[in-house]
Amino acid sequence: MKKSVFFGALAVAGAAATASAAATLDEVKSRGKLNCGVTTGVPGFAEPDANGEWQGFDVAVCRAVAAAVLGDSTAVEFVPTTGKTRFTALASGEIDMLARNTTWTFSRDVDLKFEFTGVNYYDGQGFMVPKDLGVSSAKDLDGATVCIQTGTTTELNLADFFRSNNISYEPVPIETGAEAVQQYIAGACDVYTTDASALAAQRANFESPDDHVLLPEIVSKEPLGPLVRHGDNEWADIVRWTLNALITAEELGVTSVNVEELAAGTENPEVNRLLGSEGDLGGMLGLEADWAKNAISVAGNYGEIFEKNIGASTPIGLARGLNAQWTNGGLIYSPPFR
């Protein structure tokens, strides 16, 4: 009897999870748009342009998912979130996915009941100080005031770093990146700490970027990527494999320029499976055969998106580094499309 009750409970839980998974995809299709949580504004990653149109590296992921699911990259409602509000917005269903600088951690995955669907940027926490402070190492920051976003891994990493180096600091808590920059520029804190990519992005917008120094220490691992709610298995697959499609496209040489031509069929079976001229990968996701082609057509492959928004030729000026393809010594790697 106990076994019957146990397996019956599993069956009910499984049915509920399946219904929840189907509900997200169905709701997005019924609504006709994707609700995507983003940051309140980090140059190069996610911010509105002069016309109010959201642009950036993370924004491109949202648009790619919208194109894959709805065939329309503009069918996205961008919802700005802070370090404190992002998880509530996702858990409550206000947003369908979160694509902002959010670190994949054990507790967020397990305790907060979220599903990270991959890594689109490998980062680490750094420190920025005014050049005239005369500091060359984060270990020289004993007694410094530090601008820190609350509700983030950055806050916890900062405490760990100072404690392990037996030095002290005075936190200056802030809510958003924009507020942190304002406080830092105004001299309310000696140091601004967050993901190194965000520091580079914010500094690029300073009136005198060269007056500020990024210290050499990287004090954490910050694998950043999109996430959805636990139980949305079908929806998680869609977000996960859309990101993988962008990554695989770069590896296979599929670009925004040639994707339409290659979608007609090639001699490479994986390109054909990816773009829908062979097999039925789209059907397995509950999407059209050209889902990945649509996603790639929005802004190109992973490399194109990187270079356009945050690459070496942009004001952000980030090198690929760990975010190079695995074939070039980086960590960017997708499972095969087969």
Linked, directly or transitively: Leu156 and Val191 (ILVMFWY side chains, under 4.5 Å): no
ILVMFWY network linking Val181 to Val42, side-chain heavy atoms under 4.5 angstrom: no
Counterpart residues, side chain to side chain donor-acceptor pair (under 3.5 Å), relative to Asn120 (two or more places apart): Asp58
Residues in side chain to side chain donor-acceptor pair (under 3.5 Å) contact with Ser136, at least two apart in sequence or another chain: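 Not a single residue meets the side chain to side chain donor-acceptor pair (under 3.5 Å) criterion with Ser136.
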Sequence neighbours excluded, every pair satisfying disulfide bond (SG atoms under 2.5 Å apart) that has a member inside residues 154-251: Cys147-Cys189
Pairs involving residues 90-125, ordered by first then second residue, that meet disulfide bond (SG atoms under 2.5 Å apart) (sequence neighbours left out): none
From CZ (Arg100) to CZ (Phe78), nearest 0.5 Å: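 These two atoms lie 14.0 Å from each other.
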State whether the side chain of [X] and the backbone N or O of [Y] hold a donor-acceptor pair below 3.5 Å, judged by distance alone.
X	Y	result
Glu304	Ser256	yes
Asp49	Asn51	yes
Asn165	Ile167	no

Mutual orientation of the aromatic rings belonging to Trp326 and Tyr333 [parallel < 30°, tilted 30-60°, perpendicular > 60°]: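 Perpendicular: the ring planes of Trp326 and Tyr333 meet at over 60°.
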Parallel, tilted or perpendicular: rings of Phe162 and Phe127 (30°, 60°):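 Because their plane-to-plane angle is over 60°, the rings of Phe127 and Phe162 count as perpendicular.
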Residues Thr85 and Thr82: side-chain donor-acceptor under 3.5 angstrom: yes
Output field: ring centroids Phe206/His212 closer than 6.0 Å: yes
Close aromatic pair by centroid cut-off 6.0 Å: Tyr302 and Phe57: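 Between Tyr302 and Phe57, the centre distance is under 6.0 Å.
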Shortest non-hydrogen contact from [X] toward [Y]:
X	Y	answer
Gly83	Thr152	CA-CG2, 4.4 Å
Ala295	Ala68	CB-CB, 4.4 Å
Arg229	Thr24	NH2-OG1, 3.9 Å
Phe306	Ala319	CZ-O, 3.7 Å

Flag if over 12 foreign heavy atoms under 6.0 Å of [atom1], [X]:
X	atom1	value
Asp280	CG	yes
Lys29	NZ	yes
Arg163	CZ	no
Glu288	CD	no

Residues Lys84 and Glu175 bridged, charged N to O under 4.0 Å: yes
Residues Arg31, Asp96: salt bridge by 4.0 Å N-O rule: yes
Pro335 and Asn244, any side-chain heavy atoms less than 4.5 Å apart: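 Asn244 vs Pro335: side chains touch.
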Residue pairs passing the salt bridge (charged side-chain N to carboxylate O under 4.0 Å, His left out) test where at least one lies in residues 253-267, sequence neighbours excluded: Glu260-Lys293
Salt bridge (charged side-chain N to carboxylate O under 4.0 Å, His left out) partners of residues 317-332, not counting sequence neighbours, each pair once: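 Residue pairs with at least one partner in residues 317-332: Glu250-Arg320.
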Residue of the set Val298, Asn301, Ile332, Ile296 for which side chain to side chain contact (heavy atoms under 4.5 Å, CB included) holds with Leu246: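 So, applying the side chain to side chain contact (heavy atoms under 4.5 Å, CB included) to Leu246 and each of Val298, Asn301, Ile332, Ile296, only Ile296 qualifies.
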